[in-house]
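Single-structure report; data block below.
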Amino acid sequence: MRSIDFVGRRRQWAAASAVLLLLSIGALLFRGLELSIDFVGGTAFTVEQVGDVDISAQDLNDVAAEAGATDVVAQLVTDGDVTIGAIVRTAALDPGSDTEQAVAAALQDATAAEAVDVTFVGPSWGERVSQQALRALVVFLVVVVIYISARLEPKMAGAAIVALVHDVAITIGAYALLGFTVSPSTVIAILTILGYSLYDSVVVFDRVEENAERLGDPGRRSYGEMVNTSMNEVLGRSLNTSITSLLPVGALLFLGANLLGAETLRDLSLALFVGMALGVYSSLFVAGPFLAWWKEREPEYATMARRLEEKIEAGTAEEITAAEAVADRAPITTEYVRGSGKKKKRR
Amino acid sequence: MNRTPLLVSLVLSLVVVGLLGGLLATGTVPQLGLDLRGGISAIYTPVLDEGEEVDDEEFDVVLDETIEIIRNRVDALGVAEPEISRQGDDILVQLPGLDDAARAQEVIGATAQLTFRRVEGLTSPEALEEAGEDAPDCVGEVQDLAEDESGVLCSAEANVGADGEESYALYRVGPAEITGDGIEEAFATIGNGGWEVALEFQSDASGQFQQITADLACDRDAGQLGLFAIVLDGRVESAPGVNPGVACGQGIAGGAASITVGGQGQEDDGEAEAQDLALVLRTGALPITLEPSTFQTVSPTLGAQSLDAGLLAAGIGLVFVALYLIFFYRTLGVVSVLALSVFGVLVTGTLALLGRAGFALTLAGIAGIVVSIGITADSSILFFERIRDEVRLGKTVRTAVQRAYTSAFRTNLAGNTVTLAAAVILYFLAAGSVRGFALTLGLATVLDIAILAAFTRPVVFLLSDTRLMPRTSLRVQAPPRRQTRSGRAAAADAGSTEEVTK
């Protein structure tokens with residue numbers, strides 16, 4: 001089985017991630033995020049099944065403004081060349097108010113639509129929702145750090161959080177860059193990504209932890225190599241899991257894309273798709289290498305790594321080079337491995 | 001390997017699947033949220049009138065009473081299965097099948113109005129008809145009178161006649177003499193003659209109160225009714241008379257009074273009635289304005305489309321995942337597909353059960369399920385990959401399976417704990433659609449662990465004992481042998497330590 005050097009090439013992965021992160025931060029700074037009415041308050045009219053009329057988004061803008069709405073942004077929803085509906089966002093109009101009813105009626109008239117659905121969000125509500133989400137996020141991160149620290153170890157919790165911040169920052173950056181609207185569904189998706197990113201990191205680290213018990217037993221493997229071996233061991237799982245996770249989300253994305261009123265599905269699946277893919281990448285290329293780098297700064301492991309290097313330089317470590325440890329060592333979790341080690345020496 | 005506990009576990013899990021499957025087959029399906037079946041869904045946030053201050057406990061009580069008032073109003077609208085519930089300090093209103101936003105807002109958003117009015121006389125539908133007036137329909141929604149209007153109002157409670165027929169008392173009342181704002185305090189208490197409601201007025205209202213009670217005492221002495229109606233939201237909650245001890249022209253001074261409750265034939269000693277009346281008075285004293293925070297109308301067709309898309313996505317996702325797993329894991333893949341089917345039945349069945357307890361499945365909830373398909377597949381994948389690892393090391397399938405399960409379960413538990421923590425925290429700390437998502441995600445996570453332990457484990461363990469799962473079906477790659485020189489070089493190509501190897 002070919003293995004990938006996750007840990008050794010960490011500078012390359014770090015550079016790749018840094019580029020993505022810089023792009024994200026740049027996009028956030030210069031383009032900003034487009035927030036849906038759920039965060040800033042407003043009224044959205046969903047025009048269902050536009051009749052057989054030729055109408056442009058600008059026409060709808062004018063129709064709504066004429067009926068008394070302000071800050072109008074109209075958007076057509078199309079399936080191929082056919083307009084199937086439209087979404088018209090305006091400043092908040094009190095539900096049931098005359099203006100709101102007038103705008104709805106005007107839009108229905110202009111489009112010969114079957115129905116016009118109205119969504120209203122009060123200005124203070126969005127603020128509350130955002131605050132709640134933020135509070136949930138902080139509590140969640142604290143709980144996770146405590147849990148991983150207790151279950152595995154504190155530095156793993158740190159590395160997992162680094163990977164997570166990486167994933168979320170890039171996902172949000174993608175939203176800014178591509179100009180997608182951030183809605184509560186996006187927030188849900190981002191929270192899910194947190195879960196996924198952590199889940200992936202935990203799976204990798206759990207194997208590292210299991211293998212760590214054997215570290216130093218043969219006495220010839222640095223922490224970094226051990227992490228790398230562990231990651232190669234769970235690589236099959238990581239790939240298969242991400243494929244099986246992305247398949248249903250891809251189906252959501254595909255089906256939700258051309259469906260009116262299914263913004264929930266679309267927003268959710270888009271962020272999920274980006275975030276999940278990143279989650280797998282980061283658990284392998286960010287969390288693992290970061291953990292190895294961090295741990296090898298500990299005196300105990302630093303000494304171990306140095307000794308190994310000296311051995312290699314002296315040429316006395318032919319059988320036990322890093323490449324071999326990475327390339328063809330079977331999982332080091334069992335006694336069998338120790339046996340195979342001995343065999344190698346005899347050869 | 002002891003097979004009995006495995007078989008027991010398998011049979012038990014199949015029984016649970018059978019029960020929930022049967023439940024679904026007999027027509028108990030998850031209840032759908034309004035974004036999936038159409039209607040009006042709104043969240044109202046109570047706002048205190050400016051300058052009002054109130055402690056939390058009192059706010060709670062008044063908010064609950066406000067919800068009760070909305071419920072009564074909505075019932076009067078004739079909406080089928082309305083749901084009005086409290087979410088923290090907000091009020092969630094769900095009106096299936098209603099699409100008239102103006103009407104809904106009018107009914108829900110209006111503030112509860114409490115007025116004290118003089119009763120000019122009792123009347124009946126027949127009497128009104130004779131006089132050429134319209135008798136109010138007391139069953140549906142009733143119209144409140146403006147403060148300076150007088151007219152005929154219904155009693156809040158119906159009298160049930162001997163034949164079970166409900167009838168409402170009709171009061172002809174005058175304009176409002178005092179409004180709820182004038183009330184300082186109202187509470188139920190035990191007086192000399194049993195339960196009563198102690199009532200205190202604010203200073204500016206107490207003078208009015210004395211004036212009116214003085215007039216009413218005179219009316220009473222003159223042989224007229226002399227009743228004072230307490231009107232909430234257009235209905236007469238109570239119409240007490242003035243105590244014989246109050247002299248004509250003098251009235252009740254000091255801004256404090258008590259209303260004795262309990263008539264003949266009361267089952268309890270009037271405590272409930274006193275508490276209710278006190279609550280009505282307090283709610284009237286502290287009118288909460290309900291401001292819409294979110295308000296959404298969804299037409300039934302749009303809801304149905306969203307539902308179809310959600311279900312189709314879940315279905316397609318399941319099929320693709322199933323195909324992939326079978327392609328990749330062969331026999332084990334079939335097991336994981338079975339596990340996914342079990343997962344599908346359990347999730348839907350549990351949601352159907354929760355539906356009976358009032359949980360409605362929303363689009364965000366369906367998204368939660370779709371996401372958890374991946375999580376469920378993952379627990380199988382973790383297990384299978386581990387089996388392959390162990391087999392690759394040269395273990396027998398039977399041993400490999402057992403060792404693999406122990407470690408896969410451990411990892412799965414660790415990972416799922418994180419996901420579950422996310423779900424629980426989201427559920428309790430977030431609002432709106434996020435909660436529906438968190439609930440299905442959390443539910444799926446718990447079911448996932450249960451399925452791995454109670455279904456996948458026994459099936460794989462039992463299979464490992466049969467010829468259905470031969471060693472060859474597990475090894476996609478050749479077992480590691482001592483690599484040739486070129487083989488090792490090729491492997492080392494992947495590593496940065498390549499030079500060292502040479």
Side-chain angles (χ1 to χ4, degrees), chain A residues 1-5 8-9 48 95-96 101 115 117-122 125 129 132-133 135-136 139-140 143-144 151 184 188 191-192 194-195 198-199 202-203 206 236-237 240-241 243-245 247-248 251-252 255-256 259 261-262 264-265 268 312 321-323 326-328 330-331 334 336, chain B residues 101-102 105-106 291-299 302 305-306 309-310 312-313 316-317 320-321 324 328 363-364 367 370-371 373-374 377-378 381-382 385 389 393-394 411 414-415 417-419 421-422 425-426 429-434 437 477 480 483 491-492 494-498 500-501:
Chain A
M1 183 156 93
R2 280 177 75 97
S3 40
I4 301 171
D5 190 3
R9 294 193 173 178
E48 268 179 66
Q101 303 280 302
D117 293 331
V118 187
T119 308
F120 163 87
V121 179
W125 177 255
V129 169
Q132 278 175 330
R135 195 179 53 179
V139 174
F140 172 63
V143 169
V144 162
R151 172 76 170 68
I188 295 179
L191 293 166
T192 316
L194 297 184
L198 286 168
Y199 189 108
V202 166
V203 168
D206 194 53
R237 172 264 159 194
N240 283 343
T241 297
I243 291 168
T244 48
S245 305
L247 281 175
L252 264 189
L255 284 169
L259 197 68
T264 311
L265 294 182
L268 196 72
I312 294 170
T321 54
V326 169
D328 64 2
T334 60
Y336 183 82
Chain B
Q105 165 65 16
E106 192 183 305
E291 286 190 354
S293 279
T294 71
F295 193 100
Q296 192 180 16
T297 62
V298 174
S299 78
L302 195 66
Q305 270 180 20
S306 302
L312 196 60
I316 292 178
F320 275 140
V321 168
Y324 182 83
F328 210 85
L363 203 53
V370 174
V371 166
I373 292 175
D378 179 61
I381 292 172
L382 267 176
E385 283 294 328
D389 277 355
L393 287 177
T411 308
T417 307
V418 173
T419 314
I425 291 166
L426 276 184
L429 291 186
S433 57
V434 180
F437 174 82
Q477 282 123 2
Q483 280 169 333
S496 64
T497 40
E498 180 184 357
V500 189
T501 324

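So you know, we letter chains A, B, ... as the sequences are listed, proteins then strands, and number each from 1.
For chain B, the option among Val203(A), Asn240(A), Thr119(A), Asp206(A) with the highest count of heavy-atom pairs below 4.5 Å is Asn240(A). Interface summary for chain B: among Pro95(A), Ser245(A), Ala136(A), Gly236(A), the most heavy-atom pairs under 4.5 angstrom belong to Pro95(A). Ranking Ser299(B), Ala421(B), Gly374(B) against chain A, the residue ahead of the rest is Ser299(B), based on heavy-atom pairs under 4.5 Å. By number of non-hydrogen pairs under 4.5 angstrom with chain B, the leading residue of Leu198(A), Val202(A), Thr241(A), Val139(A) is Thr241(A). Ranking Val298(B), Ile316(B), Ile373(B) against chain A, the residue ahead of the rest is Val298(B), based on heavy-atom pairs under 4.5 Å.
In this structure, chain B has a heavy atom under 4.5 Å from the side chain of Val144(A), while its backbone stays farther away. With a 4.5 Å cut-off on non-hydrogen atoms, Arg135(A) touches chain B through its backbone and its side chain both. In this structure, the portions of Phe320(B) lying under 4.5 Å from any heavy atom of chain A include both its backbone and its side chain. Contact of Glu385(B) with chain A is made through the side chain alone, with heavy-atom distances under 4.5 Å. If you measure heavy-atom distances from Val121(A) to chain B, the contacts under 4.5 Å come from both the backbone and the side chain.
Taking CG from Leu247(A) and OH from Tyr324(B), the interatomic distance works out to 8.5 Å, rounded to the nearest 0.5 Å.
Looking at Thr244(A), its side chain never comes within 3.5 Å of a backbone N or O of Val321(B) through a donor-acceptor pair.
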